[in-house]
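Notes follow the structure.
We number each residue from 1, following the sequence as shown.
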Amino acid sequence: MVGARPRQVGPSSATESRGLPLLPPLAGCAAAVDSIAFVADLHVLRVFCGPGGRYGNHLGVVLDGDAVAAGQDRQAVAARLGYSETVFVDDAGTGVVDIYTPSVRLPFAGHPLVGTAWLLGRLRARPELLQPPAGSVPTWQDGEFTWIRGRAQWAPDRRMQQYASAEEVDALPSPPPGDGWLYAWAWQDQAAGRVRTRGFPRRGDAIVEDEATGASAIVLTAELHRALDIMQGKGSQILTRPGPNDTVEVGGRVILEETRSL
């Protein structure tokens, strides 16, 4: 296992569609988590790391998705882990994946797919496509950056709000008042395509602010119709560019932080 730390057994620290609706929270998740026979490994990644491997958004990946039943059990695991998203790989060969936040299941998400593509490429054979519920997502590696290609309509109901300066974005409370996904952004260098962003899911769960958000970066790129170099959160880096047939490509660095048992 390349770059993996020794396995540790113990609880985790708490620390993105064809326009498909999010699934509502599942009742009884807290109780269900105790009944799951955890036999799978959990790979904890940081996705969209900045230069030198700093920052990035934590992601949990369960390569043996069959070890956790779909639905309520998976939602319970994602809630217990507390990462922005947790991915369950149902078929590594064909790239079928299932994505959960601590409170909802997602048809599409950027940082989970970038991270999963990277991990499969390191530990097994990376499929040419990942298959979340939203549709087929091409993946590839280019130097230190792992890339995927998606569509802005797969991440609906996200508001892009421009501010006058990066300093105004930095000064926002976490979260700003209001409901629903907010992606706050400002130009750092418009000619160079450099953007400062922060992401606020505002859906009522434990994720108050997202450190790095591939789906929102895809939406912003589709609105601006140009390649971007995004600095989000404390210092995570996301690269984007318009792709073929109204798609957007998003890429970033990934680091394996640890591997342990669920």
Side-chain angles (χ1 to χ4, degrees), residues 16-27 29 32 36 40 42-43 45 47-48 57 59-79 81 83-121 124 126-140 146-158 180-181 183 199 201 203-205 207 210 212-219 221-222 243 245-251:
E16 297 203 125
S17 110
R18 279 178 298 218
L20 297 175
L22 301 179
L23 298 184
L26 293 163
C29 286
I36 302 171
L42 173 72
H43 301 267
L45 313 180
V47 184
F48 296 130
N57 197 4
L59 172 70
V61 182
V62 181
L63 290 178
D64 185 10
D66 288 343
V68 185
Q72 188 178 57
D73 285 356
R74 292 182 177 184
Q75 187 67 78
V77 170
L81 294 174
Y83 301 128
S84 290
E85 283 93 15
T86 299
V87 179
F88 301 87
V89 179
D90 289 319
D91 190 322
T94 60
V96 178
V97 296
D98 199 14
I99 307 169
Y100 291 79
T101 76
S103 60
V104 295
R105 183 182 183 227
L106 297 178
F108 174 80
H111 108 278
L113 296 177
V114 169
T116 302
W118 178 89
L119 184 64
L120 290 174
R124 304 184 182 184
R126 179 190 298 109
E128 293 184 0
L129 298 173
L130 290 177
Q131 303 286 355
S136 297
V137 177
T139 77
W140 66 99
T146 303
W147 291 81
I148 65 166
R149 183 180 297 135
R151 298 183 178 276
Q153 58 264 41
W154 289 352
D157 303 322
R158 291 172 186 253
W181 241 107
Y183 202 50
R203 59 181 171 241
D205 60 22
I207 309 303
D210 226 4
T213 313
S216 292
I218 286 175
V219 174
T221 301
N245 302 316
D246 296 321
T247 61
V248 172
E249 299 173 351
V250 59

In terms of heavy-atom contacts, Val114 and Val250 come closest through CG2-O, 4.1 Å
Between Pro127 and Gly95 the two heavy atoms that sit nearest each other are CG-CA, 4.0 Å
Across all chains, not counting sequence neighbours, the side chain to side chain donor-acceptor pair (under 3.5 Å) partners of Thr221 are Thr240
(message) In the structure I gave you, are the side-chain heavy atoms of Thr101 and Ile207 within less than 4.5 Å of one another anywhere?
(response) no
### Task
Take Trp118 and Val47, measure what side chain to side chain contact (heavy atoms under 4.5 Å, CB included) needs, and give me the verdict at the end.
CA-CA 9 Å; Trp118 178 89; Val47 184; over 6 Å; no
Smallest heavy-atom separation, Arg158 atom then Ser216 atom, equals NH1-OG, 2.8 Å
Residues at least two apart in sequence or cross-chain that pass ring-ring contact (aromatic ring centres under 6.0 Å, His included) with Phe88, listed by chain then number, are Tyr100
Here the pair of heavy atoms bringing Ala40 nearest to Asp64 is CB-O, 4.2 Å
OG1 of Thr116 to CD1 of Ile148, rounded to nearest 0.5 Å, is 9.5 Å
Side-chain heavy-atom pair Trp181, Asp210 within 4.5 angstrom cut-off: yes
- Taking C-beta and beyond as the side chain, do Leu130 and Leu120 meet within less than 4.5 Å on heavy atoms? yes
Residue set satisfying side chain to side chain donor-acceptor pair (under 3.5 Å) with Glu128, at least two apart, ordered chain then number -> none
Those residues at least two apart in sequence (or on a different chain) that pass salt bridge (charged side-chain N to carboxylate O under 4.0 Å, His left out) with Arg149 are Glu249
Tightest non-hydrogen contact, residues Pro107 and Pro132, listed as O-CB, 3.3 Å
Quiz item: Do His111 and Thr213 touch side chain to side chain, with heavy atoms closer than 4.5 Å?
Solution: no
Looking only at heavy atoms, the pair that brings Ala92 and Arg124 closest together is CB-NH1, 3.6 Å
Taking the side chain as every heavy atom from C-beta outward, state whether Thr139 and Leu113 have any pair of such atoms under 4.5 Å apart. no
Side-chain donor or acceptor of Gln75 paired with backbone N/O of Pro102 under 3.5 Å:
yes
Distance col, row Leu63:CG vs Leu42:CG, nearest 0.5 angstrom, shows 9.5 Å
For Asp91, the side chain to side chain contact (heavy atoms under 4.5 Å, CB included) test, sequence neighbours excluded, returns Thr94, Val96
### Task
Before giving the answer on side chain to side chain contact (heavy atoms under 4.5 Å, CB included), spell out for Val219 and Tyr183 the whole-Å C-alpha distance, their side-chain angles and the decisive distance to 0.1 Å.
CA-CA 9 Å; Val219 174; Tyr183 202 50; over 6 Å; no
* Tell me, do Asn57 and Leu59 make a side-chain contact under 4.5 Å, heavy atoms counted? -> no
Residue pairs meeting salt bridge (Lys or Arg N to Asp or Glu O under 4.0 Å), one or both in residues 94-104, sequence neighbours left out, come to Arg74-Asp98, Asp98-Arg105
